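In what follows, a structure is listed as structure tokens, so that the remarks can point back to it.
Every chain is numbered from 1, with letters handed out A, B, ... down the list of sequences. This structure is a prediction, so every number in the text was calculated from the model and none was measured.
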Amino acid sequence: QVHLVESGGGVVQPGRSLRLSCATSGFTFNIYALHWVRQAPGKGLESMTGISDDGSQTYYSDSVKGRFTISRDNSKNTVFLQMDSLTNEDTAVYFCATGRYFYGSGIDHWGQGTLVTVSS
Amino acid sequence: DIQMTQSPSSLSVSVGDRVIITCRASQDINNYLNWYQQRPGKAPKLLIYDASTLETGVPSRFSGSGSGTDFTLTISSLQPEDIGTYFCLEYDNVPITFGQGTRLEIK
């Protein structure tokens, strides 16, 4: 059974950094693309960033480009999200999610999410 | 980037109703579209992939249709457990893009 477990969320001041992790199991990690999707309180889903199976390709939404960095460790079946220069608008639940391919594949499994609150 | 326009944003429905939710893409997305259900406080759950294929274990009252730019999710007879928010997702290219969501409420 596929499991994705996010960690690293919490309360952080504006301008500071936070690093999220997503530990996975139950599937062949190194042949799947990974995504980070967030959901602000009472809002819809935003796909912020994704990474290909070998880490060679990434994408970022305009709202996080230059501030957030996605990476993965295929030896540990884990994906990371480094978030710098956080603002109040980054307050959201952050989900990691899997897709079979970087291109032409939707999201098939989701973690339960971790809450990030940016507040002074 | 592709834009997804989902409608309606909310629906007040009764058990047994037929429910139709639509998503329109800003360009042809080659049927690369999924539908998800999200219950409050939970992660989304995949219902339909590749526009019309039912995910294993999803009740047959859910169906997806459409092609090119216009897609529909239909619930043939709404059940109480279907209450929640529904999202479409296009994955024709990156970044992948979600619709704004449709919230179903019981009348």
Taking side chain as C-beta onward, heavy atoms only, is [X] less than 4.5 Å from [Y]?
{"X": "Gln38(B)", "Y": "Trp110(A)", "answer": "no"}
{"X": "Ile107(A)", "Y": "Phe98(B)", "answer": "yes"}
{"X": "Tyr36(B)", "Y": "Leu45(A)", "answer": "no"}
{"X": "Val94(B)", "Y": "Phe102(A)", "answer": "yes"}

Mark yes when over 12 heavy atoms from residues, nucleotides or ligands other than [X] sit less than 6.0 Å from its [atom1]; otherwise mark no.
{"X": "Tyr59(A)", "atom1": "OH", "answer": "yes"}
{"X": "Arg16(A)", "atom1": "CZ", "answer": "no"}
{"X": "Arg103(B)", "atom1": "CZ", "answer": "no"}

Which atoms of [X] come close to chain B, meaning under 4.5 Å heavy atom to heavy atom: side chain ones, backbone ones, both, or neither?
{"X": "Val37(A)", "answer": "side chain"}
{"X": "His35(A)", "answer": "side chain"}
{"X": "Tyr101(A)", "answer": "neither"}
{"X": "Gln57(A)", "answer": "neither"}

Report yes or no: do [X] and [Y] belong to one cluster of Ile/Leu/Val/Met/Phe/Trp/Tyr joined by side chain heavy-atom distances under 4.5 Å?
{"X": "Ile2(B)", "Y": "Tyr91(B)", "answer": "no"}
{"X": "Ile31(A)", "Y": "Val2(A)", "answer": "yes"}
{"X": "Ile75(B)", "Y": "Trp35(B)", "answer": "yes"}
{"X": "Leu81(A)", "Y": "Tyr32(A)", "answer": "yes"}
{"X": "Val64(A)", "Y": "Phe80(A)", "answer": "no"}

Name the member of Ile29(B), Leu33(B), Thr97(B), Asn34(B) that forms the most heavy-atom pairs with chain A at distances under 4.5 Å.
-> Asn34(B)

With a 4.5 Å cut-off on heavy-atom pairs, point out which of Asn30(B), Ile96(B), Asp1(B) contacts chain A the most.
-> Ile96(B)

Under 4.5 Å heavy-atom distance to chain A, tell me which part of Tyr49(B) shows up: side chain, backbone, both or neither.
-> neither

Considering all heavy atoms, the nearest Gly111(A)-Ala43(B) contact = O-CB, 3.1 Å

